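Below is one structure, written out as structure tokens; comments come after it.
Please read these numbers as outputs of a predicted model, since none were measured by experiment.
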Amino acid sequence: MTPEEYMQKALNLAKISTTQDEIPVGCLIVDSATGEIITSTHNLSQHSEDATAHAEILAIRQACQILKQNRLWDMDMYVTLEPCTMCASAISFARIKNLYFGAYDEKGGAVINGVKFYEQKTCHHKPNVVGGILEEKCSQILKDFFKNKRIKD
């Protein structure tokens, strides 16, 4: 599968999260050698009442449990939104090989925007990063979600 095909699967997960009144972010962890999808998650912070239940954190936790290891050396992550500082740090600690994301997040992102976590001296591991995959679609689902939230409120 291509990066765009994986991102489309992550985008489909993001769409599911909107039905649970969650910020629409979807995430996959994929074995970079085989292309097998190990985990597929979406945000659950509101539903689970857990501020750390971002799609990336949930995906890392699940992948570590499935693979019975605490490092994900040869795994790729596909996520529809540029990770925040918490998620960027978790990605580093998990040793994700490649990070692919869709929409850039000027306000909350921490990879290309904000603190630029992987450029800090305190960062233990920097994944290869590719941003902007299906950027318009990934951005639009977020815009639509927040527009609908404003209308309802």
Side-chain angles (χ1 to χ4, degrees), residues 1 3-32 35-120 122-135 137-143 145-146:
M1 288 177 55
E4 290 78 13
E5 290 170 319
Y6 285 118
M7 191 62 70
Q8 184 59 56
K9 288 187 177 294
L11 192 54
N12 292 341
L13 293 164
K15 291 175 184 175
I16 293 169
S17 66
T18 62
T19 66
Q20 298 174 353
D21 201 31
E22 295 283 351
I23 295 173
V25 176
C27 183
L28 304 175
I29 292 184
V30 176
D31 185 315
S32 62
E36 176 188 1
I37 296 172
I38 305 300
T39 60
S40 55
T41 60
H42 58 80
N43 273 0
L44 286 174
S45 295
Q46 296 294 324
H47 184 73
S48 65
E49 298 177 338
D50 178 355
T52 68
H54 290 197
E56 300 96 306
I57 300 294
L58 297 173
I60 289 168
R61 286 178 186 161
Q62 288 177 14
C64 288
Q65 289 174 351
I66 289 167
L67 299 171
K68 298 181 180 0
Q69 58 193 43
N70 70 338
R71 299 285 193 250
L72 303 173
W73 289 106
D74 292 317
M75 301 294 143
D76 297 338
M77 178 179 282
Y78 291 84
V79 62
T80 56
L81 181 64
E82 177 182 353
C84 67
T85 306
M86 174 181 69
C87 293
S89 179
I91 291 163
S92 176
F93 278 103
R95 306 301 196 262
I96 296 288
K97 182 177 181 178
N98 298 299
L99 168 63
Y100 300 93
F101 69 86
Y104 292 86
D105 187 353
E106 292 181 14
K107 184 176 178 183
V111 177
I112 303 300
N113 292 288
V115 299
K116 299 179 183 176
F117 184 82
Y118 302 130
E119 295 178 21
Q120 303 306 312
T122 55
C123 178
H124 297 287
H125 167 77
K126 178 182 179 177
N128 298 313
V129 176
V130 178
I133 298 172
L134 300 183
E135 178 181 4
K137 289 181 178 182
C138 292
S139 179
Q140 192 61 51
I141 192 173
L142 288 158
K143 290 176 186 175
F145 174 79
F146 286 111

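Contact of the C87 side chain with the I57 side chain is registered, since non-hydrogen atoms from C-beta on lie closer than 4.5 Å. Within the 4.5 Å cutoff, no side-chain heavy atoms of C27 are placed close to those of L13. Between K137 and I141, the closest side-chain pair of non-hydrogen atoms is not below 4.5 Å. Within the 4.5 Å cutoff, the side chain of P83 has heavy atoms near those of the I91 side chain. Between K143 and Q140, some side-chain heavy-atom pair lies under the 4.5 Å cut-off. Annotation: side chain of K9 is not in contact with side chain of S40 (no heavy-atom distance under 4.5 Å). Contact check for V25 versus H54: no side-chain heavy atoms found under the 4.5 Å cut-off. Inter-residue side-chain proximity for P24 and N43 is flagged as unmet; no heavy-atom pair is nearer than 4.5 Å.
When atom types are taken as modelled, the side chain of T18 and the backbone of K15 share a donor-acceptor pair closer than 3.5 angstrom. Between the side chain of E22 and the main chain of Q46, a donor-acceptor pair closer than 3.5 Å is present. Between the side chain of Y118 and the backbone N or O of A88, at least one donor-acceptor pair lies under 3.5 Å. Here the side chain of Y6 pairs a donor or acceptor atom with the backbone of G35 at under 3.5 angstrom. In terms of modelled atom types and a separation under 3.5 Å, the side chain of E56 and the main chain of V79 share no donor-acceptor contact.
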Pairs of donor and acceptor atoms involving the side chains of residues 65-73, under 3.5 Å and at least two apart or interchain, shall be tabulated with distances.
| residue | atom | partner | partner atom | Å |
| --- | --- | --- | --- | --- |
| Q69 | NE2 | R71 | O | 2.7 |
| R71 | NH1 | F93 | O | 3.0 |

Just distance, no hydrogens or angles: give the donor-acceptor pairs under 3.5 Å from side chains in residues 96-103, sequence neighbours left out.
| residue | atom | partner | partner atom | Å |
| --- | --- | --- | --- | --- |
| N98 | OD1 | N128 | ND2 | 2.9 |
| N98 | ND2 | D76 | OD1 | 2.7 |

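The distance from the CD1 atom of I38 to the CD1 atom of I60 is 13.5 Å, given to the nearest 0.5 Å. To the nearest 0.5 Å, atom OG1 of residue T52 and atom CG of residue L44 are 10.5 Å apart. Rounding to the nearest 0.5 Å gives a distance of 13.0 Å between SG of C84 and NZ of K107. With rounding to the nearest 0.5 Å, the separation of CD in Q8 from OH in Y78 is 13.5 Å. Distance check: S45 OG to D21 CG gives 12.0 Å after rounding to the nearest 0.5 Å. Note that the CD atom of E82 and the CD1 atom of I112 stand 6.0 Å from one another [nearest 0.5 Å].
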Given L81 and C138, is the side chain to side chain contact (heavy atoms under 4.5 Å, CB included) satisfied, shown in steps? CA-CA 7 Å; L81 181 64; C138 292; over 6 Å; no

Evaluate D31 against M75 for side chain to side chain contact (heavy atoms under 4.5 Å, CB included), listing each step before the verdict. CA-CA 5 Å; D31 185 315; M75 301 294 143; 3.8 Å; yes

One pair to check against side chain to side chain contact (heavy atoms under 4.5 Å, CB included): L142 and I23. What are the steps and the verdict? CA-CA 7 Å; L142 288 158; I23 295 173; 3.8 Å; yes

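Residues Q120 and V115 approach most closely at NE2-O, 2.7 Å, considering heavy atoms.
At most 12 heavy atoms of other shown residues, nucleotides or ligands fall within 6.0 angstrom of atom NE2 in H47.
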